[in-house]
Amino acid sequence: MASSKPTFKTLRLILGDQLNSNHSWFKTVDPSVTYVMMEVRTETDYVWHHIQKVAAFFSAMRHFAEELKHKGHQVIYIRLSDVGNLQSFQHNLDLLIDKEAFTHFDYQLPDEYRLDQLLKSYTDSLSIITHVVDSEHFMSTRDELGEFFQGKKIFLMESFYRYMRKKHHVLMQGDEPVNDKWNFDSDNRKKLPANHKAIPPFVYANDVSEIVNEIEGTTIKTIGTIDAKNLIWPVTREQALEQLAFFVRECLPLFGTYQDAMTPHEWSLYHSRLSFTMNTKILSPLEVINRAVEEWKNRPKEIAYNQLEGFVRQIIGWREYMRGMYWLKMPEYASANYFDHQNKLPVWYWTGKTKMNCLKYAISQSLEFAYAHHIQRLMITGNFALLAGVHPDEVDQWYLGIYIDAIEWVEITNTRGMSQFADGGTVGTKPYVSSAAYIDKMSHYCTSCYYYKAKKTGDRACPFNSLYWNFYDKHEDKLAKNPRIGMMYNIWHKMQPDTKAELLEQAEYYLKHIDEL
């Protein structure tokens, strides 16, 4: 008697940051394959997330699930408020596998170490066949950066950036860079002119009130504000492509020039704000780069090359570099604290209620829009946290929660590495700290501030000034030999003892009264 063919049933897990509609999984519709997506408390509760971040993720996930269903795929979607939701990947998967008698379980490589370890452990416990595939998003593999720098003590993003340009033949003429130079960063450091009016940001009005109501019906702790009927962020591929088109058409011509500029009443300027849709994989880095290059080629007289190169470097350089560093250095990286900083984050990081204009505007903007651009993060909120000796864990949790694009692989390397120098110089070659002078050079924050930008000590002296010198004095044993900051120690050593003592006394006072600044 002929034996019946075995019945194969595959369950495939899609995480909330794996919304890649071009993944090879979806090229064919297979009735034996079921996709599962889920909103679970283990993902909403590990830090206090911005309400817009949670709502945007859930909305994007729900739209993606509907898109798959529309194409004929079988999809199980578990909502946050579903009665049968066991609120963890493992428990929900166990229930589904048992109930539906799945014979295979597949998943894509997660981008967070935490989830990578969780799913490895989970699949080890299963008695059914399991399979893991690549997410098919990044332009380098997890291990590629480690292999590129193998045997080297110093990791330079610029070296990896050039390697990636060659590998993908981006802005290349044969083996040489377009315009005979790799990096045009020196052209991209302009302050916004006083009367310059930046183009209004391209935003959406997505109604996520149903999701917000579900969240508010739980004990989930969120931060920030939201207009639930008008979520400004793109949550579908169609919307993401529209925002990309707007960026290259309207913003790219001035992107590079003002990418480091800061001003109180312009929260978007010429930035693309594509990081959320890229980090959820709605858009791929290569298609974003190709679209920008195409626009530059079509409008060479309107878009100077430095504008394009600066944008390409952010994606093919920093983004890929930070991801490679993450997988090379985790999990030890998550506990790095080179300066042994132990202080708490000032309370006004959660409210924006500080008399320091730069921090008031950068934090208030972050709470309102779940967004701040890279210099606001690095040289305002990050700079102050480093000068104030805040524990890197505190800084990590704040950045991971408050920004819509923050996923650990990109957040922790930028925060603990680039911003806080907690890795001792693995990611960045020097601590990114400054006094008021740099902030005033790149922004319009200082003019109307309660504190005086030029005053180093005394009543209403800008806190950045004394904290800056206090930081260098406190960590001289670890920083004095750094060739990039030797000049600062030369200046410090030439100061009169009374001047130094006054600066340190001022810094000590500010640190003791930090919540009142």
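The analysis underlying the following values was restricted to heavy atoms, covering all of them including side chains, and did not include hydrogens, waters or symmetry mates. One is the number of the first residue; the rest follow in order along the sequence.
- Between Tyr349 and Trp398, the gap from one ring centroid to the other is short of 6.0 Å.
- Taking CG of Leu400 as the start and NE2 of His50 as the end, the distance is 13.5 Å to the nearest 0.5 Å.
- Under 3.5 Å, the side chains of His444 and Thr447 contain no donor-acceptor pair of N or O atoms.
- Put simply, CG on Asn383 and CG on Leu378 are 7.5 Å apart, with the number rounded to the nearest 0.5 Å.
- Atoms OH and CD1, on Tyr445 and Ile439 in that order, are 9.5 Å from each other to the nearest 0.5 Å.
- Ring pair Phe276/Tyr403: centre-to-centre distance not below 6.0 Å.
- Summarising the geometry of Tyr258 relative to Leu192, their closest heavy-atom pair is CG-CD1, 3.7 Å, with the distance given to 0.1 Å.
- The six-membered or imidazole ring of Phe26 lies near that of Phe64, with a centre-to-centre distance under 6.0 Å.
- Between Phe255 and Phe311, the ring planes are perpendicular. Angles over 60° get that label, and only those under 30° would be called parallel.
- Within 6.0 Å of the CH2 atom in Trp48, the count of heavy atoms belonging to other residues, nucleotides or ligands does not exceed 12.
- When the shell of 6.0 Å around NE2 of His196 is examined, it contains more than 12 heavy atoms from other residues, nucleotides or ligands.
- Taking the six-membered ring where the residue is Trp, the centroids of His374 and His271 are separated by under 6.0 Å.
- Atoms OG1 and CG, from Thr236 and Leu19 in turn, are 11.0 Å apart once rounded to the nearest 0.5 Å.
- A donor-acceptor contact closer than 3.5 angstrom is absent between the side chains of Asn20 and Ser135.
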Would Arg237 and Glu287 count as a salt bridge (Lys or Arg N to Asp or Glu O under 4.0 Å) here? Give the steps. CA-CA 12 Å; Arg237 179 161 170 81; Glu287 75 178 319; 2.8 Å; yes
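- For Trp409 and Phe138, the ring centers sit closer than 6.0 Å to each other.
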If you apply the rule side-chain hydrogen bond (donor to acceptor under 3.5 Å, both in side chains), what do you find for Asp82 with Tyr77, and how did you get there? CA-CA 10 Å; Asp82 284 351; Tyr77 194 95; over 6 Å; no
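- Annotation for Lys355: atom NZ counts as buried by contact number, over 12 foreign heavy atoms lying within 6.0 Å.
- A 6.0 Å sphere centred on NZ of Lys69 holds more than 12 heavy atoms belonging to other residues, nucleotides or ligands.
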Checking salt bridge (Lys or Arg N to Asp or Glu O under 4.0 Å) for the pair Lys71/Glu67: CA distance, chi angles, key distance, verdict? CA-CA 6 Å; Lys71 291 178 178 178; Glu67 179 189 336; 3.0 Å; yes
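- Relative ring orientation between Tyr321 and Phe160 is described as tilted, the plane-to-plane angle lying within the 30° to 60° band.
- Checked for salt-bridge contact, Arg62 and Glu214 meet the test: a charged N lies under 4.0 Å from a carboxylate O.
- Across all non-hydrogen atoms, the minimal contact from Pro431 to Phe339 is CG-CZ, 4.3 Å.
- Residues Leu95 and Gly84 approach most closely at CD2-O, 4.3 Å, considering heavy atoms.
- Under 3.5 Å, the side chains of Asn85 and Asn92 contain a donor-acceptor pair of N or O atoms.
- Both the sub-6.0 Å distance and the 45° axial angle are not jointly satisfied by Arg273 relative to the ring of Phe247.
- Under the 6.0 Å cut-off for aromatic ring centres, His49 and Tyr46 qualify, their centroids lying closer than that.
- To the nearest 0.5 Å, the span separating CG on Leu126 from CD on Gln90 amounts to 10.5 Å.
- Aromatic ring centres of Phe464 and Phe384: separated by under 6.0 Å.
- Across Ser24 and Glu136, no two heavy atoms sit closer than the pair OG-OE2, 2.6 Å.
- Each of Leu109, Thr141, Asp116 was checked for a side chain to side chain contact (heavy atoms under 4.5 Å, CB included) with Trp327, and the lone residue meeting it is Asp116.
- With 3.5 Å as the limit, one finds no donor-acceptor pair spanning the side chains of Thr130 and Tyr122.
- Using a cutoff of 4.0 Å between basic side-chain nitrogens and carboxylate oxygens, Arg323 and Glu144 are not scored as salt-bridged.
- Electrostatic pairing of Asp405 and Arg319 does not count as a salt bridge here, judged by no charged N lying under 4.0 Å from a carboxylate O.
- Of the N and O atoms on the side chains of Tyr270 and Gln307, not one donor lies less than 3.5 Å from an acceptor on the other residue.
- Across all their heavy atoms, His23 and Val133 have their closest contact at CE1-CG2, 4.0 Å.
- Using a 3.5 Å distance cut-off with no hydrogens or angles, the side chains of Thr219 and Arg41 do pair a donor with an acceptor.
- In summary, Arg249 and Glu295 do not engage in a salt bridge, as defined by a charged side-chain N under 4.0 Å from a carboxylate O.
- In this structure, Pro346 and Val390 approach most closely via the heavy-atom pair CD-CG2, 4.2 Å.
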Derivation and outcome, salt bridge (Lys or Arg N to Asp or Glu O under 4.0 Å), residues Arg416 and Asp393: CA-CA 8 Å; Arg416 198 173 285 259; Asp393 285 356; 2.5 Å; yes
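- Annotation: the span from Leu231 atom CG to Ser209 atom OG amounts to 11.0 Å, rounded to 0.5 Å.
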